Asker: 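Okay, handing you the structure first.
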2 protein chains.
Amino acid sequence: MDIDLVKAGFTKYLKQGNYRITPERFHVLDAVLCFDGHFDADELYLRLKSNDIRVSRATVYNTLDLLQECGVVAKYRFGDNHSRYEKTFGKPHHDHLICLQCGDIIEFVNRKIETVQEEVCLENNFKPQSASLQIFGVCAKCRQQ
Amino acid sequence: MDIDLVKAGFTKYLKQGNYRITPERFHVLDAVLCFDGHFDADELYLRLKSNDIRVSRATVYNTLDLLQECGVVAKYRFGDNHSRYEKTFGKPHHDHLICLQCGDIIEFVNRKIETVQEEVCLENNFKPQSASLQIFGVCAKCRQQ
DNA sequence: CTCGGTGCAAATGCTTTGCAATGTC
DNA sequence: GACATTGCAAAGCATTTGCACCGAG
């Protein structure tokens with residue numbers, strides 16, 4: 001809930017990695033935090049633009065990568081040809097049901113999935129950093145028709 | 001194990017969808033069935049080419065989509081910017097551990113994951129068609145170093 | 001003052017498309 | 001014969017990059 005905490009975390013991450021603190025990076029961060037739900041790089045770029053904040057696409061992409069690395073945003077790749085992002089702040093880890101008919105994306109949380117994933121990692125001596133599960137199919141709405 | 005069964009299935013799928021039975025489509029299918037492990041569209045194209053089978057890239061992409069639709073291949077999208085495929089024939093459903101350091105992809109099978117996925121779908125009245133779980137992190141080999 | 005970051009436009013690389021020729025049904 | 005499919009090359013599209021300028025440290 002505390003946006004300043006996220007900013008502080010990002011600042012720390014930048015300093016640790018010897019990245020510079022630039023206004024553009026924080027403009028992108030602000031926009032990300034305002035965005036509810038999924039968005040792609042271009043949507044974010046356009047939103048910044050419409051708020052009269054001049055940041056180039058290149059910087060948006062660059063900053064989104066940084067934000068992903070430090071865990072502020074999650075990057076997803078569903079069926080189509082571009083990446084979608086989402087702030088992870090204030091949200092528990094969740095996965096996605098993707099409707100192949102209407103394109104809707106439904107989020108769900110399931111503790112058991114996490115548990116099983118941890119098991120698998122242990123078995124394989126694999127150190128997990130992030131995970132994503134997508135189930136493709138037909139959603140409840142479309143099934144009614 | 002029976003490759004002819006897959007071919008028959010593909011033929012049936014094509015007929016049902018009013019797609020034509022062309023030699024090119026079956027050349028692509030053959031190449032797919034020969035390929036062990038993951039491959040991308042271009043690798044498949046090059047393999048066909050090196051076997052003196054003339055099929056254009058466009059046809060490879062088109063056919064891979066058809067093969068995915070009828071469940072002969074699975075299409076994955078890992079971190080990078082292109083799609084990877086894999087025949088599903090003769091292989092139980094499995095998921096992937098992706099090493100962020102060496103890029104290795106480790107497959108694993110876990111029945112519990114399937115079960116939990118089925119649960120989630122039931123809860124959401126969602127009719128699943130396919131699912132993919134990727135866990136990103138550091139593999140055993142890289143951890144030793 | 002140094003060197004990383006930025007903006008712009010141009011490049012990249014996977015994938016799709018337009019169109020004429022081909023071959024299935 | 002009709003029309004889906006093919007091949008080719010060219011277009012599309014998200015993303016990255018090269019380079020000159022700018023500004024954080």
Side-chain angles (χ1 to χ4, degrees), chain A residues 7 10-32 38-70 73 75-86, chain B residues 7 10-32 38-49 51-70 73 75-86 103:
Chain A
K7 291 197 187 175
F10 187 42
T11 307
K12 193 175 157 195
Y13 177 77
L14 291 175
K15 283 194 175 155
Q16 275 179 356
N18 250 333
Y19 297 115
R20 295 201 172 148
I21 311 287
T22 68
E24 286 84 358
R25 286 179 171 157
F26 283 85
H27 286 146
V28 173
L29 175 57
D30 281 337
V32 164
H38 301 105
F39 55 86
D40 61 29
D42 211 54
E43 282 169 350
L44 202 70
Y45 168 73
L46 291 174
R47 177 171 290 206
L48 283 159
K49 195 170 188 174
S50 73
N51 286 12
D52 281 325
I53 296 172
R54 304 183 86 269
V55 177
S56 72
R57 271 194 181 79
T59 302
V60 170
Y61 279 103
N62 163 34
T63 307
L64 281 172
D65 280 347
L66 291 171
L67 289 172
Q68 191 204 354
E69 282 163 35
C70 68
V73 302
K75 186 175 184 175
Y76 300 112
R77 193 135 224 167
F78 302 127
D80 32 26
N81 272 349
H82 62 279
S83 304
R84 305 192 62 77
Y85 301 83
E86 178 180 40
Chain B
K7 290 197 187 176
F10 187 42
T11 308
K12 194 176 158 195
Y13 177 77
L14 291 175
K15 283 193 175 153
Q16 276 181 357
N18 250 332
Y19 297 115
R20 296 204 171 148
I21 313 288
T22 66
E24 286 83 0
R25 285 179 172 157
F26 284 84
H27 286 145
V28 173
L29 176 56
D30 280 338
V32 163
H38 301 106
F39 56 87
D40 61 30
D42 211 55
E43 280 168 351
L44 202 69
Y45 168 74
L46 292 173
R47 177 171 290 206
L48 283 160
K49 195 169 190 174
N51 287 11
D52 280 325
I53 296 172
R54 303 183 86 268
V55 177
S56 71
R57 272 194 181 77
T59 303
V60 170
Y61 278 103
N62 164 33
T63 307
L64 281 172
D65 280 348
L66 290 171
L67 289 172
Q68 190 204 355
E69 281 163 36
C70 69
V73 303
K75 186 175 185 177
Y76 300 111
R77 194 136 224 167
F78 302 128
D80 33 26
N81 271 349
H82 63 279
S83 304
R84 304 192 64 77
Y85 301 84
E86 178 180 39

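Naming: A, B, ... by sequence-line order, numbering from 1 per chain. Computed from a predicted structure; not experimentally measured.
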Asker: From NE2 of B:His27 over to P of D:dG7, roughly how many Å is that when rounded to an integer?
Answerer: 10 Å
Asker: In whole angstrom, give the distance that lies between atom CG of B:Asp40 and atom P of C:dG13.
Answerer: 14 Å
Asker: Rounded to the nearest angstrom, tell me the gap between atom CZ in B:Phe26 and atom C1' in D:dT6.
Answerer: 16 Å
Asker: Which is more 5' along DNA chain C, the nucleotide nearest B:Pro23 or the one nearest B:Asp65? Just name the residue.
Answerer: B:Asp65
Asker: Do B:Arg20 and B:Leu14 come close enough that some side-chain heavy atom pair is under 4.5 Å?
Answerer: no
Asker: Applying the side-chain contact (heavy atoms from CB on, under 4.5 Å) test to A:Val73, which of A:Val32, A:Leu66, A:Asp65 qualifies?
Answerer: A:Val32
Asker: Using OP1 and OP2 only, check whether a side-chain N or O of B:Tyr61 sits under 4.0 Å from C:dT16.
Answerer: no
Asker: If I take atom CZ in residue B:Arg25 and atom P in nucleotide D:dA4, what distance separates them, rounded to the nearest angstrom?
Answerer: 12 Å
Asker: So, taking the atom named OH in B:Tyr76 and the one named NE2 in B:His38, what distance separates them when rounded to the nearest 0.5 Å?
Answerer: 5.5 Å
Asker: Go nucleotide by nucleotide along DNA chain C from the 5' end; which of B:Glu24 and B:Tyr85 gets its closest nucleotide reached first?
Answerer: B:Tyr85
Asker: How many whole angstroms separate atom CZ of B:Arg57 from atom C1' of D:dA11?
Answerer: 15 Å
Asker: Check the distance between C:dT24's P and B:Lys15's NZ and give it to me in whole angstrom.
Answerer: 14 Å
Asker: Applying a 4.0 Å non-hydrogen cut-off, can you work out what A:Asn62 is touching in the nucleic acid: base, sugar-phosphate, or nothing?
Answerer: sugar-phosphate
Asker: Counting just side-chain N and O atoms, does B:Thr22 come under 4.0 Å of either OP1 or OP2 of D:dA4?
Answerer: no
Asker: Listed in order of residue number, which residues of residues 43-55 of chain A have a non-hydrogen atom at under 4.0 Å from DNA chain C?
Answerer: A:Arg54, A:Val55
Asker: Keeping the roles fixed (side chain from A:Glu43, backbone from A:Asp40), state whether a donor-acceptor pair exists under 3.5 Å.
Answerer: yes
Asker: Scan side-chain atoms only and decide if A:Gln68 and A:Tyr85 contain a donor-acceptor pair under the 3.5 Å cut-off.
Answerer: no
Asker: With the side chain of A:Thr59 defined as its heavy atoms from C-beta on, choose the nearest nucleotide among C:dT24, C:dT6, D:dT15.
Answerer: C:dT6
Asker: Kindly compute the distance separating CD (A:Glu24) from OG1 (A:Thr63), expressed to the nearest 0.5 Å.
Answerer: 8.0 Å
Asker: Measure the distance from CD on B:Gln68 to P on C:dT16 and round it to the nearest whole Å.
Answerer: 11 Å
Asker: Can you identify which nucleotide, out of D:dT6, C:dC14, C:dG7, has its nearest atom closest to the A:Ser56 side chain?
Answerer: C:dG7
Asker: Within the pair A:Arg20 and C:dC3, is there a side-chain N or O less than 4.0 Å away from OP1 or OP2?
Answerer: no
Asker: List the steps, then state whether ring-ring contact (aromatic ring centres under 6.0 Å, His included) holds for A:Phe26 with A:Phe10.
Answerer: CA-CA 9 Å; A:Phe26 283 85; A:Phe10 187 42; 5.4 Å; yes
Asker: Rounded to whole Å, please give me the gap between CZ in A:Phe10 and C1' in C:dG5.
Answerer: 12 Å
